[in-house]
Amino acid sequence: MERDPARLDVAARQRALDRFGAETFDIVVIGGGITGAGCALDAATRGLSVALIEQRDLSAGTSSRSSKLFHGGLRYLEQRDFRLVAEALTERNLMLSELCPHLARPVSFLYPLHHRVTERAYVGAGIALYDAMAWRGSGARGGHNPLPAHRHLSRRAALRLVPALRADALTGAVQYWDAQVDDARHTVEVVRTAASHGALVASSLQVVGLLREGDRVVGVTARCTDTGREVTVRATQVINATATWTDQLQSLAGRGQLRVRASKGIHLVVPRDRIHAGSGLILRTATSVLFVIPWRSPTMRIDVAGRVIESAGDHGHWIVGTTDTEWNLDLAHPAASRSDIDYLLDQVNRVLRTPLTHDDIEGVYAGLRPLLQGESEDNSALSREHAVTQHVPGLISVAGGKYTTYRVMARDAVDMAARNLDRRVPPSCTDRVPLLGAVGYEALWNRRHAVAAETKLHVARIEHLLGRYGAQLPALLELIADRPDLGEPIRHGGPYLAAEVVFAATHEAALHLDDVLTRRTRLSIETFHRGVDCADEVARLMAGPLGWDERTIAEEVNHYRLRVAAERDSQTCPDDRTADAVRMGAPERRHLVRLPSRPGGD
């Protein structure tokens with residue numbers, strides 16, 4: 001039987017490593033976050049040969065630690081960055097309607113007003129423009145805005161929708177809609193879709209050097225972070241899509257044009273019952289905005305008539321964030337300090353009837369935004385525009401931007417690479433390439449009750465799987481048919497089924513326990529125990545596909561427990577430097593080589 005190219009198991013990784021050393025590729029992409037994943041998909045669907053290399057896990061950095069939204073960005077509209085907002089809204093609508101309707105879902109936000117006339121007119125006009133730009137962007141493709149239009153609410157109506165708000169915290173409100181996505185899951189599916197179109201993928205592979213022929217870059221030297229094995233990968237073009245690591249990769253070439261500033265943003269996760277609300281919130285702060293985002297709430301979908309409909313969902317949480325502070329410490333594991341957490345609690349408690357406390361917090365995560373340096377001293381005002389440069393022949397860097405516009409960033413980077421190839425390359429087509437799980441999702445969703453009856457699984461479990469895997473559902477059901485115990489939830493693991501852990505190891509390039517507990521599932525932020533209580537069970541489920549013995553299982557579990565303990569301790573520290581020192585005390589399963597800093601850098 002022909003092997004599924006989108007099956008990213010350990011055997012596929014080994015085949016990729018073997019081919020890396022034997023072939024010359026059109027493009028090598030460095031970085032397995034959303035930008036690198038998008039570059040790999042864009043290049044592969046143009047018919048180019050592609051190798052994608054990631055030093056840790058897929059989406060291990062910024063791409064698993066965002067606010068988990070596809071959105072235009074109201075604050076960018078206020079900054080009059082109309083082009084960026086329009087571009088992002090077009091991409092948002094593409095995700096909802098065509099590219100990944102199984103992963104993207106509608107989410108509403110309430111914007112509380114404090115002044116009765118002038119503020120309502122100002123905010124209402126801005127959000128009306130936001131909706132109009134979404135319609136225009138969709139209309140250019142012959143479509144429509146798949147989300148409902150905004151609406152104005154009185155104070156009484158707003159409090160009915162969000163009873164958690166203090167009555168004196170608003171005079172009225174405007175409700176509008178955007179889209180939500182599990183960023184880590186989406187990134188993995190972009191990578192797997194690229195693999196289905198021929199891209200070769202290897203994680204746990206760190207680029208430690210560039211191959212040169214004269215001044216030209218002709219490939220990379222990479223080192224396996226698990227075994228230390230080195231491999232040489234030759235290519236006509238190399239794309240550096242490493243986000244906050246951009247400067248370090250450029251330093252391997254001796255010089256670079258892009259300078260990237262890391263801005264730390266942290267988020268808190270609290271149980272759904274801590275905030276009684278039927279909508280998310282967007283709140284103004286002194287420097288930026290604060291989101292209160294429903295997460296794993298009842299599943300929201302859009303029917304063919306454009307109506308937002310709701311079904312029974314997972315347990316439910318709220319994400320509260322984010323911050324914008326400069327970070328110049330460890331790039332791999334940015335730490336949230338006590339002051340970061342106190343700031344978010346203070347900001348959200350200004351409007352809540354029942355304040356949140358530290359005891360309410362299930363999870364905390366910190367990510368680094370790659371902002372182009374030199375445009376502003378204020379991180380919150382830095383542009384989210386992206387840049388693509390070729391600073392030495394054969395090496396292209398892409399940086400900046402925002403998660404929602406990853407596909408545009410990837411298109412621009414591959415366009416530049418294509419101009420340097422010795423043949424005509426077709427234009428990008430990724431606006432018409434659905435991700436794995438998208439095609440057939442609607443039909444399976446409509447049949448979910450029949451599927452539940454056929455498989456003897458509760459319909460809530462079928463809906464859960466459809467919301468995470470879409471039309472890949474049969475592959476999960478096949479695992480469960482072979483081993484009925486895989487149809488049961490992980491103990492202490494919320495809604496996640498044992499089959500999802502096995503699938504992560506057999507299809508989704510998960511190589512370590514942390515990959516599954518932190519990114520293939522989100523147990524590290526969705527449970528008060530942060531995944532520790534189910535670590536042993538999850539490790540044993542991974543052991544079969546990955547060939548782990550009892551010693552390896554114990555090492556993986558111990559490493560994860562130490563990591564969680566270090567994170568918890570770091571979150572009690574008063575500032576970034578002490579929090580970073582504590583977080584770095586946890587051992588690593590993947591062993592990275594320290595690269596030289598950029599010339600003149602730290």
Who passes salt bridge (charged side-chain N to carboxylate O under 4.0 Å, His left out) against [X], sequence neighbours left out?
X: D273; value: none
X: D360; value: R274
X: R19; value: E23
X: R13; value: none

Could you give all pairs that pass the salt bridge (charged side-chain N to carboxylate O under 4.0 Å, His left out) test and reach [range], with sequence neighbours left out?
range: residues 495-504; value: R468-E500
range: residues 543-560; value: R540-E550, R551-E555, E555-R589, E556-R589
range: residues 188-200; value: R185-E189, E189-R192

Set of side chain to side chain donor-acceptor pair (under 3.5 Å) partners for [X], sequence neighbours left out:
X: R407; answer: E91, T430
X: E54; answer: none
X: R461; answer: none
X: S203; answer: none

Strictly by modelled atom types, are [X] and [Y] linked by a side-chain donor-acceptor pair under 3.5 Å?
X: S66; Y: D183; answer: yes
X: Q206; Y: T225; answer: no
X: S67; Y: H267; answer: yes
X: H150; Y: Q175; answer: no

Is it true that, when you exclude [X] itself, more than 12 heavy atoms of the residues, nucleotides or ligands shown sit nearer than 6.0 Å to its [atom1]?
X: H358; atom1: NE2; answer: yes
X: E454; atom1: CD; answer: yes
X: R491; atom1: CZ; answer: no
X: H458; atom1: NE2; answer: no

Please check this pair: side chain of [X] against backbone of [Y], looking for a donor-acceptor N/O pair closer than 3.5 Å.
X: T455; Y: V451; value: yes
X: R65; Y: A366; value: yes
X: N93; Y: N145; value: no
X: R92; Y: D178; value: no
X: T323; Y: I266; value: yes

Pair listing, ring pair (Phe, Tyr, Trp, His ring centres under 6.0 Å) test, anchored in residues 497-517, at least two apart =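 Checked against ring pair (Phe, Tyr, Trp, His ring centres under 6.0 Å) - neighbours excluded - the pairs reaching residues 497-517 are Y469-F503, F503-H507.
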
task = Evaluate the criterion salt bridge (charged side-chain N to carboxylate O under 4.0 Å, His left out) for residue pair D514 and R520; output intermediate values, then yes/no.
result = CA-CA 9 Å; D514 179 72; R520 305 306 184 276; over 6 Å; no

Working for salt bridge (charged side-chain N to carboxylate O under 4.0 Å, His left out), residues R590 and D226 = CA-CA 6 Å; R590 292 178 169 96; D226 291 330; 5.0 Å; no

inquiry  = Between the side chains of D182 and R522, is the shortest nitrogen-to-carboxylate-oxygen separation below 4.0 Å, so that they form an ion pair?
reply    =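 Between D182 and R522 there is a salt bridge, with a charged N closer than 4.0 Å to a carboxylate O.
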
ask   = For R583 and H333, what are the C-alpha separation, side-chain angles and deciding distance, and is it a side-chain hydrogen bond (donor to acceptor under 3.5 Å, both in side chains)?
value = CA-CA 7 Å; R583 175 60 185 88; H333 304 293; 3.2 Å; yes

task = Please work out which of the three classes, parallel, tilted or perpendicular, describes the rings of F70 and Y403, given edges at 30° and 60°.
result = tilted

task = Measure the acute angle between the ring planes of Y176 and Y130, then classify it against the limits of 30° and 60° as parallel, tilted or perpendicular.
result =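 The rings of Y176 and Y130 stand perpendicular, inter-plane angle above 60°.
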
query = Pick from D515, V502, V501: which one makes a side-chain contact (heavy atoms from CB on, under 4.5 Å) with M542?
reply =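 Of D515, V502, V501, side-chain contact (heavy atoms from CB on, under 4.5 Å) with M542 is met by V501 alone.
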
task = Begin from the C-alpha positions of D536 and Y560 and carry the test side-chain hydrogen bond (donor to acceptor under 3.5 Å, both in side chains) through to its verdict.
result = CA-CA 10 Å; D536 186 74; Y560 184 78; over 6 Å; no

ask   = Which atom names give the shortest non-hydrogen contact between G467 and L103, and what distance separates them?
value = O-CD2, 4.1 Å

request  = Considering non-hydrogen atoms only, spot the tightest contact between A335 and D340 and give its length.
outcome  =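 Scanning both residues completely, I find the closest heavy atoms to be O-OD2, 4.1 Å.
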
